[in-house]
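Reading through the structure tokens given below for one structure.
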Amino acid sequence: MILQIKDDFDPRKIIQSGQCFRATEEKPDTYRFVTQSHVVRLTDRGENNWEADCPQKEWNEVWRPYFDLDRHYAAVRVAIDPEDQALLRMAETSAGIRILRQEPWEMLITFIISQRKNIPAIRRSVESLCRLCGERIEDDLYTFPTPQALCELSDEQLTGCSLGYRAPYVHDAAHRVAEGTLDLEALKNMEDGALLSALETVRGVGIKVANCVSLFAYGRVDCAPVDVWIARVIECYYNGRNPFARYEKNGGIYQQYMFYYAQQTKLEC
DNA sequence: GCGCAGGTAATCT
DNA sequence: AGATTACCTGCG
């Protein structure tokens, strides 16, 4: 099916924006995304037209919310303070990025794994876990493992996925979710502050990872994770001052623009 | 061989 | 509260 997406939409930037680690550019101009047991390939047909290899119904029910298509990102960029020259420039470079609505469980584990790893290393670890105990969807494509599946892995198997000291964190999270001590579904109804606190009760989850999960799984666009790249942006362009304070909302989206820009330009002061 | 990378938690002052 | 350090792995 062919669909037209008029608002900001650039899958290549989304894939490189550090929010998802299983999506790929399969071949030039064709991008593959995975969520639960769904897979979609999007091919750029120009003029804002995209070919999606899934039925209309699946697009509407799964991918439309996944790509957050009901939010007007161009308007979010327009709302940037004209005096905020740095953000204007970063948003221009990053236009097309959207905040994907991904699975809370997958985000929790993925961002626990992410600490002190670069993007390729995160991809490898997640890929290994999926191969090891995900369900097969296609030839070489697997679902993200369930909490039960991760729970049953041995320390050796977890360590074999290059989790290192994070292995007990992953196991602990899997255990809590599998036995119901941590109900990721119930967190959806919480206010941002309560959600962050609840996430931080998991071992291996600090303020940064909690913000990532809130933003990328629960759509909390006011949550702005500060990692070393954002710290550099704050240092280089904002004199150490909080760049999000002047904005009432959408700090998480602006954070994503900053992150992509900093990463792409290997920002140094 | 050594230092560092998209962080957290324990242990200091 | 704020600073320091160990932690597993891969890479230059």
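Proteins get letters first, then strands, A, B, ... in listed order; numbering begins at 1 in each.
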Query raised in the report: How far does the P atom of dT11(B) sit from the matching atom of dC8(C), given to the nearest Å?
Result: 16 Å

Requested in this report: Please check if atom CD in Glu26(A) has more than 12 non-hydrogen atoms from other residues, nucleotides or ligands closer than 6.0 Å.
Outcome: yes

Report summary line: Result for 5'-nearest mapping on DNA chain B, choosing between Tyr169(A) and Phe111(A), is Phe111(A)

**Report entry** Phosphate OP1/OP2 of dA10(B) contacted by Arg203(A) side-chain N/O (<4.0 Å)
**Finding:** yes

Report task. Please report, rounded to the nearest Å, how far the P atom of dT9(C) is from the CG atom of Leu129(A). Result -> 14 Å

**Report entry** Dot-bracket encoding per residue of DNA chain B, Watson-Crick/G-U cut-off under 3.5 Å, | denoting interstrand
**Finding:** .||||.|||||||

Requested in this report: Nearest-nucleotide wise, let me know which of Asn118(A) and Gly164(A) is further upstream toward the 5' end of DNA chain C.
Outcome: Gly164(A)

Query raised in the report: Can you tell me if CD on Glu138(A) sees more than 12 non-hydrogen neighbours from other groups inside 6.0 Å?
Result: yes

Requested in this report: For Glu268(A) and dC4(B), give me the distance from atom CD to atom C1', rounded to whole Å.
Outcome: 13 Å

Requested in this report: May I ask you to evaluate whether Arg116(A) reaches the phosphate of dA9(B), defined as a side-chain N or O under 4.0 Å from OP1 or OP2?
Outcome: no

Requested in this report: Using atom NZ of Lys266(A) as one end and atom C1' of dA5(B) as the other, report the distance to the nearest whole Å.
Outcome: 13 Å

Query raised in the report: When clusters are formed by joining ILVMFWY residues with side-chain heavy atoms under 4.5 Å apart, either directly or through shared neighbours, do Trp229(A) and Ile99(A) land in the same one?
Result: yes

Query raised in the report: Do Trp50(A) and Phe9(A) have ring centres separated by under 6.0 Å?
Result: yes

Query raised in the report: Checking all strands, does Val202(A) fall into the base, sugar-phosphate, or nothing category for heavy-atom contacts under 4.0 angstrom?
Result: sugar-phosphate

Query raised in the report: Roughly how many Å is it from CD1 in Ile122(A) to P in dC8(C), rounded to a whole number?
Result: 19 Å

**Report entry** Residues, nucleotides or ligands: over 12 heavy atoms within 6.0 Å of Asn239(A) CG
**Finding:** no

Requested in this report: Indicate, with a heavy-atom threshold strictly under 4.0 Å, whether Arg166(A) touches base, sugar-phosphate, or nothing.
Outcome: base

**Report entry** Toward the 5' end of DNA chain B, by each residue's nearest nucleotide, Glu200(A) or Gly18(A)
**Finding:** Gly18(A)

Report task. Assign Thr159(A) to base, sugar-phosphate, or nothing according to its heavy-atom contacts below 4.0 angstrom with the strands shown. Result -> sugar-phosphate

Report task. Between dA9(B), dG7(B), dG10(C), spot the one nearest the side chain of Ser162(A), thanks. Result -> dG10(C)

Query raised in the report: Roughly how far, to the nearest 0.5 Å, is the NE2 atom of His38(A) from the CD1 atom of Ile137(A)?
Result: 9.5 Å

Query raised in the report: Which part of the nucleic acid does Ile207(A) contact within heavy-atom distance under 4.0 Å: base, sugar-phosphate only, or nothing?
Result: sugar-phosphate

Query - Asp155(A) CG to dC7(C) P, straight-line distance once rounded to whole Å - result: 17 Å

Query raised in the report: Gln115(A) CD to dC4(B) C1': how many Å, rounded?
Result: 16 Å

Query - salt bridge (Lys or Arg N to Asp or Glu O under 4.0 Å) evaluation trace for Asp222(A) with Lys249(A) - result: CA-CA 5 Å; Asp222(A) 299 332; Lys249(A) 52 185 188 175; over 6 Å; no

Query raised in the report: Looking only at atom P, what distance separates dG10(C) and dA9(B), rounded to whole Å?
Result: 23 Å

Report summary line: Rounding to 0.5 Å, atoms OG (Ser17(A)) and CZ (Phe216(A)) come to a distance of 6.5 Å

